[in-house]
Amino acid sequence: METFPKIISVDDHTVEPAHVWRDRLPSKYLDRGPRIVRAPLKEMTFMGGKFAPVMGAKGDDGPIGDWWVYEDLHRPLTRLDTAVGYDRDEIKLEIITYEQMRPGSFSVPERLADMDVNHVQSALCFPTFPRFCGQTFTEAKDRELGLLGVRAYNDWMVEEWCGPEAHGRLIPLTLIPLWDARLAADEVRRNAARGVRAVAFSEIPPHLGLPSIHTDEWDPFLRACDETGTVIAMHIGSSSKMPSTSADAPPAVGSTITFANCCFSMVDWLMSGKFERFPNLRIMYAEGQIGWIPYILERADVVWEENRAWGGVADKVHRPPSELFAEHVYGCFFDDAFGLKNLDSIGVGNVLYETDYPHSDSTWPKSREVGEAQMGHLDADVVDRIVRRNAIDLLGLTDDGLWAGPGGS
């Protein structure tokens with residue numbers, strides 16, 4: 001390609017600085033709220049899709065790293081949280097300190113510099129410590145503290161991470177208290193009032209012990225998103241249960257089938273009737289890739305056409321699922337040549353680009369080169385839509401691809 005559009009990445013990640021909750025929680029919670037402790041690692045495994053670290057005591061043998069401590073939770077920073085800049089063969093499951101991270105993982109000026117290197121103009125970032133939709137706070141014992149933790153994260157995201165220093169290049173993605181749909185709706189509206197147009201949610205809530213979207217339990221939250229134009233963003237793993245086949249399956253198995261939860265989730269939504277009840281709802285699947293979508297749409301249409309009478313959807317899904325997909329669902333990818341070859345079966349307007357910085361799968365610093373190689377067969381206007389225009393329209397960015405800050409664009 002002679003030129004490649006400046007990228008708007010809809011799936012990057014931030015590693016929260018140590019001060020996020022220390023600076024924003026009431027003093028009475030500082031000894032129980034999220035805080036960083038430097039300590040040794042006793043043991044750590046990641047098998048069957050489950051991550052299990054054990055923190056050692058001061059003076060114990062073992063590698064030293066920085067740990068988030070919150071109530072009874074001990075969660076270390078790992079090389080998988082921030083792997084860019086390292087050779088693929090050097091990226092292992094090991095604990096690290098902030099000093100061993102690429103600074104762009106947690107510092108705005110360095111993040112913008114790394115975006116420049118990667119031909120990225122703007123980026124929407126998912127959390128690390130709260131996990132991809134705030135599960136950490138949902139699992140906590142103290143609900144009052146959990147709600148304060150969610151709000152503190154959102155305030156940091158809007159006011160600092162996406163604040164003046166970011167010059168509109170970082171796009172806010174906020175969290176909700178998943179345990180209460182009405183509180184969730186309040187938080188959506190609070191953040192929408194200051195220009196936020198994306199909120200994280202779980203791909204499969206029942207995996208978190210929460211109601212499914214087939215119930216009416218989520219309706220207050222969905223109504224708030226519908227009325228404010230807030231996009232529901234679901235990242236792979238946002239159900240705290242990555243796909244796997246057995247307890248002893250190596251991580252490579254789960255890494256190959258990461259799209260599976262997105263696949264299951266999308267069928268849930270298409271067969272839920274929610275898109276007809278809330279016609280302005282938009283959902284997106286971060287890091288789910290897109291090559292699997294055409295067959296699922298084909299199969300969903302066949303099931304709807306042939307089996308809806310006994311399939312439990314005749315009274316709530318009144319249009320073919322593929323039509324609902326075209327109006328409400330967005331697939332996100334960073335490396336999917338097969339999906340791009342079948343773009344006509346997905347829809348040019350339903351695809352978004354991402355770089356996954358700073359994770360081990362990230363295409364940084366060659367996201368432009370990957371895009372050029374995989375999109376070379378597409379017309380320039382199609383490439384522009386995928387790489388930036390669809391994101392601008394979906395997230396309410398300025399025509400220049402920037403977040404306009406409080407009040408929206």
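Note that this is a predicted model, so its numbers are computed, not measured.
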If you round to the nearest 0.5 Å, how far is [atom2] of [Y] from [atom1] of [X]?
X    : Y    : atom1 : atom2 : answer
Q135 : E139 : CD    : CD    : 6.5 Å
S272 : L281 : OG    : CG    : 9.0 Å
H119 : S367 : NE2   : OG    : 10.0 Å
L77  : T128 : CG    : OG1   : 8.5 Å
L395 : L402 : CG    : CG    : 12.5 Å
N280 : H328 : CG    : NE2   : 8.5 Å

Can you see which heavy atom on [X] is nearest to which on [Y], and at what distance?
X    : Y    : answer
H74  : P53  : O-CG, 4.0 Å
I171 : S122 : CD1-CB, 4.0 Å
F278 : D226 : C-OD1, 3.2 Å
V54  : L41  : O-CD1, 3.6 Å
D142 : E71  : N-OE2, 3.1 Å
C332 : V10  : SG-CG2, 3.8 Å

**OP:** Identify which one of T174, D155, N154 satisfies the side chain to side chain donor-acceptor pair (under 3.5 Å) criterion when paired with R194.
**Re:** D155
Original post:
Can you name the one residue among R111, Q121, R169 that meets side chain to side chain donor-acceptor pair (under 3.5 Å) with D116?
Top reply: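 Per the side chain to side chain donor-acceptor pair (under 3.5 Å) rule, the option paired with D116 is R169, out of R111, Q121, R169.
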I want to check something: taking the side chain as every heavy atom from C-beta on, are [X] and [Y] in contact at a cut-off of under 4.5 Å?
X    : Y    : result
M266 : M234 : no
L183 : L147 : yes
L340 : M375 : yes
W161 : C125 : yes
T14  : F126 : no
D66  : V37  : no
L270 : V317 : no
V351 : R385 : no

**OP:** Report yes if the distance between the aromatic ring centroids of Y70 and W21 is under 6.0 Å, otherwise no.
**Re:** no
Original post:
Do Y330 and Y285 have their ring centres less than 6.0 Å from each other?
Top reply: no
Any side-chain donor paired with an acceptor under 3.5 Å for [X] and [Y]?
X    : Y    : result
R131 : S240 : yes
Q289 : D335 : no
S9   : D12  : yes
Y357 : N118 : no
E217 : T215 : no
H19  : E160 : yes

Has the side chain of [X] got a donor or acceptor atom that lies under 3.5 Å from a matching backbone atom of [Y]?
X    : Y    : result
W67  : M55  : no
R143 : W179 : no
R197 : A192 : yes
N191 : V196 : no
D379 : D381 : no
E327 : L324 : no
D301 : S322 : yes
S362 : T355 : yes
R24  : G149 : no
E165 : P109 : no

Original post:
Is the charged tip of R308 near the ring of W304: under 6.0 Å from the six-membered ring centre and within 45° of its axis?
Top reply: yes
Original post:
Do R79 and Y86 meet the cation-pi criteria used here (NZ or CZ under 6.0 Å from the six-membered ring centre, within 45° of the axis)?
Top reply: yes
Has [X] got more than 12 heavy atoms of other residues, nucleotides or ligands less than 6.0 Å from its [atom1]?
X    : atom1 : value
K92  : NZ    : no
R38  : CZ    : yes
D315 : CG    : yes
K6   : NZ    : yes
D31  : CG    : yes

Subject >> Partner residues of F106 under the ring-ring contact (aromatic ring centres under 6.0 Å, His included) criterion, sequence neighbours left out >> reply: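 ring-ring contact (aromatic ring centres under 6.0 Å, His included) list for F106, sorted by chain: Y98.
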Under 3.5 Å, sequence neighbours excluded: what are the donor-acceptor pairs made by side chains of residues 200-211?
unit_1 : atom_1 : unit_2 : atom_2 : d
S202   : OG     : I204   : N      : 3.3
S202   : OG     : S238   : O      : 2.9
E203   : OE1    : G237   : N      : 3.4
E203   : OE2    : G237   : N      : 3.0
E203   : OE2    : S238   : N      : 3.3
E203   : OE2    : S239   : N      : 3.3
E203   : OE2    : S239   : OG     : 2.9
E203   : OE2    : N261   : ND2    : 2.9

Original post:
Does a salt bridge link R277 with D219, judged by any charged N lying under 4.0 Å from a carboxylate O?
Top reply: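 D219 and R277: salt-bridged.
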Original post:
Would you call K42 and D60 a salt bridge, taking side-chain N to carboxylate O under 4.0 Å as the test?
Top reply: no
Which word best sums up how the rings of [X] and [Y] line up, parallel for under 30°, tilted for 30 to 60°, or perpendicular for over 60°?
X    : Y    : answer
F333 : Y353 : tilted
H235 : H359 : perpendicular
F221 : W218 : perpendicular

**OP:** Decide yes or no on side-chain contact (heavy atoms from CB on, under 4.5 Å) for M44 and I95, but give the supporting numbers first.
**Re:** CA-CA 9 Å; M44 181 163 57; I95 66 168; 3.7 Å; yes
**OP:** Quick one: do T82 and R102 satisfy side-chain hydrogen bond (donor to acceptor under 3.5 Å, both in side chains)? Show the steps, please.
**Re:** CA-CA 7 Å; T82 171; R102 191 171 185 88; over 6 Å; no
**OP:** With salt bridge (charged side-chain N to carboxylate O under 4.0 Å, His left out) as the test, would you mind laying out the steps for R319 and E276 before giving the verdict?
**Re:** CA-CA 9 Å; R319 298 165 57 197; E276 296 189 57; over 6 Å; no
